[in-house]
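Since the structure comes first, as structure tokens, the remarks are kept for the end.
The model shown is predicted, which means the values in this text are computed figures rather than measured ones. Along the sequence shown, the residues carry numbers beginning at 1.
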Amino acid sequence: MKTLITWPVIFIIVGCGTVSTQTYVSKSTSSSAASSWFECNQYSNADSLGININNLSFSALQSPNLVDALQQSHVGWIRISLFWAWIERQPGNFDWRDVDTGLAILANSHINVLLTLAGPTPCWALTATPGCIAPAYVVPPTEEWANFVRQAVLRYHNQVHYWEIWNEPDLFEGLNVLDPTSRLLQYRDNILVPAAQAIHQIDSSAKVVAPALAAIPSANTAKGPELESALSLLFANSVGSLVDVISLHSYYPESSVAKVLTIQNVLNATGTSAKPLWITEEGDGTLNIQSGQTVQADQAEFMNNEIDAEKKTANIEKVFWFALTDSPNINGQHVDDYGLINNQDYITYSWTPRPTFTLLRTVIQQACSNN
């Protein structure tokens with residue numbers, strides 16, 4: 001569901017994006033869509049809704065087409081990742097150039113940022129892995145990881161106020177530890193705790209967002225007792241006090257609201273029930289695996305139903321849809337089908353909206369116009 005590029009891609013700056021005239025009207029197109037869940041800023045961007053571009057590198061933001069798509073969506077937030085191995089390729093040698101540029105572009109576009117601090121762990125930090133030839137999603141050495149976090153927060157604390165710690169650490173692909181329970185414990189003790197402490201020490205007003213669980217059966221964190229057990233383990237020993245916003249992921253066919261409602265008891269037990277809850281990834285692909293045919297209308301229908309349910313509950317504060325574009329592989333080819341837009345390539349980002357993009361924009365415009 002989330003294939004990340006493995007090496008940064010160089011992007012060429014070109015002209016504006018292409019916008020289709022097609023429309024997709026939500027079933028909730030009446031004034032009832034403008035519930036209190038939607039808070040719109042002066043630019044008519046919705047504070048409750050965001051889009052993931054964490055399947056792209058920061059350099060993608062140098063494409064005016066990509067930024068144009070984000071602005072036209074009218075979401076108030078984007079979620080993007082800071083990949084440790086690409087920033088600190090050698091110990092103490094940080095390359096922030098694309099991040100500096102990307103954050104400045106987002107600020108000028110009046111879009112807020114949820115920045116995910118993530119692996120892979122660079123080879124130089126893997127002293128226990130002789131012959132390392134490529135960065136890996138393994139448990140990092142604590143001090144080196146904490147230092148990377150400190151350097152990021154020191155540099156960007158005036159621009160970034162919400163920091164998410166790692167991505168889907170309950171998956172083996174997210175953290176290469178075989179035993180699921182040990183995987184969660186090592187994430188908590190070696191990644192979450194040192195990162196959260198470093199963030200709060202540098203910026204007491206910053207918000208730590210975690211644990212960004214996939215929350216699916218293959219991770220042993222499925223909705224229900226498994227997810228409750230995972231959160232109970234992660235927030236034990238007062239670790240929950242280090243987390244300011246609880247984040248989970250939710251994908252078709254599951255309802256994010258149903259998933260969240262099953263964890264209320266464990267949140268009460270761990271003293272975290274008053275904390276905001278964000279769905280930092282939600283989505284549905286446009287490809288029917290059995291038929292091999294695109295089902296873009298079904299993707300839009302799922303989004304419509306989810307937003308309609310989410311805006312009626314007090315349990316979910318923000319939702320970030322995955323993703324603006326399909327994910328690229330190292331050759332710049334589309335390798336999944338979750339994108340809200342159909343981008344021609346990963347160089348120019350010339351694009352046309354899919355029905356989900358048009359729906360999202362329509363829902364936000366209607367809600368903001370009624371506020």
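- The minimum heavy-atom distance between S247 and P211, with the atom names listed, is O-CD, 3.4 Å.
- Hydrophobic clustering of Ile, Leu, Val, Met, Phe, Trp and Tyr side chains at less than 4.5 Å, counting indirect connections, unites I78 with L49.
- In this structure, D189 CG and L234 CG are separated by 9.5 Å, a value rounded to the nearest 0.5 Å.
- Results of the ring-ring contact (aromatic ring centres under 6.0 Å, His included) test with Y156 over F58, Y162, W163, W96 single out W96 as the only residue that passes.
- Between the side chains of T272 and T270, at least one donor-acceptor pair of N or O atoms lies under 3.5 Å.
- In this structure, A219 and L171 approach most closely via the heavy-atom pair CB-CD2, 3.6 Å.
- For the atom pair OG1 (T262) and NZ (K223), the distance works out to 7.0 Å, reported to the nearest 0.5 Å.
- Put simply, V245 and W321 are part of two different groups of oily side chains (I, L, V, M, F, W, Y) that touch within less than 4.5 Å, one to the next.
- Only one option out of D326, T325, N342, D345 pairs with H334 in a side-chain hydrogen bond (donor to acceptor under 3.5 Å, both in side chains); it is D326.
- Remark: E282 does not engage K318 in a salt bridge, criterion side-chain N to carboxylate O under 4.0 Å.
- No more than 12 heavy atoms of other residues, nucleotides or ligands sit less than 6.0 Å from atom OH of Y252.
- Between the OH atom of Y346 and the CG atom of L66 there is a distance of 10.5 Å, given to the nearest 0.5 Å.
- In this model, no donor atom of one side chain and acceptor atom of the other lie less than 3.5 Å apart for Y137 and E173.
- In this structure, E254 CD and E306 CD are separated by 9.5 Å, a value rounded to the nearest 0.5 Å.
- The ring pair (Phe, Tyr, Trp, His ring centres under 6.0 Å) search around H161 returns none, not counting sequence neighbours.
- Summarising the geometry, atom OG belonging to S109 is positioned 10.5 Å from atom OH belonging to Y43; distances are rounded to the nearest 0.5 Å.
- Under the 4.5 Å side-chain heavy-atom criterion for ILVMFWY residues, a single connected hydrophobic cluster contains both F148 and F83.
- Donor-acceptor pairing under 3.5 Å is recorded for the side chains of S273 and N268.
- L248 and L184 fall within a single hydrophobic cluster, where Ile, Leu, Val, Met, Phe, Trp and Tyr side chains are chained together by heavy-atom contacts under 4.5 Å.
- Contact annotation: the side chain of F320 never approaches that of V75 to less than 4.5 Å [non-hydrogen atoms, C-beta and beyond].
- In this model, a donor atom of one side chain and an acceptor atom of the other lie less than 3.5 Å apart for T356 and Q299.
- Classification of R354 and D337 as a salt-bridged pair fails, no side-chain N sitting under 4.0 Å from a carboxylate O.
- Between the side chain of S229 and the backbone N or O of P225, no donor-acceptor pair lies under 3.5 Å.
- Residues T101 and Q62 bring no donor and acceptor atom of their side chains to less than 3.5 Å of each other.
- With hydrogens and angles left out, the side-chain atoms of Q186 and S182 include a donor and acceptor closer than 3.5 Å.
- Neither W84 nor V209 shares a network with the other; the hydrophobic side chains, linked directly or stepwise wherever heavy atoms of I, L, V, M, F, W or Y lie under 4.5 Å apart, form separate groups for each.
- The ring-ring contact (aromatic ring centres under 6.0 Å, His included) contacts involving residues 186-243 comprise nothing, where partners must be two or more places apart or lie in separate chains.
- Residues C123 and P135 share a closest heavy-atom pair of SG-N, 4.1 Å.
- The ring of W351 has its center no closer than 6.0 angstrom to the ring center of Y349.
- When all heavy atoms are compared, the tightest approach of L178 to R183 is O-NH2, 3.0 Å.
- Of the inter-residue distances, the one linking L242 atom CG with I165 atom CD1 reads 10.0 Å to the nearest 0.5 angstrom.
- Contact check for R361 versus T358: side-chain heavy atoms found under the 4.5 Å cut-off.
- Of all non-hydrogen atoms in K259 and L227, the two that sit nearest each other are CG-CD2, 3.8 Å.
- I80 approaches V113 most closely through the heavy-atom pair CG2-CG1, 4.1 Å.
- Residues R79 and N167 are in side-chain contact: their nearest non-hydrogen atoms beyond the backbone lie under 4.5 Å apart.
- Residues W77 and D47 are in side-chain contact: their nearest non-hydrogen atoms beyond the backbone lie under 4.5 Å apart.
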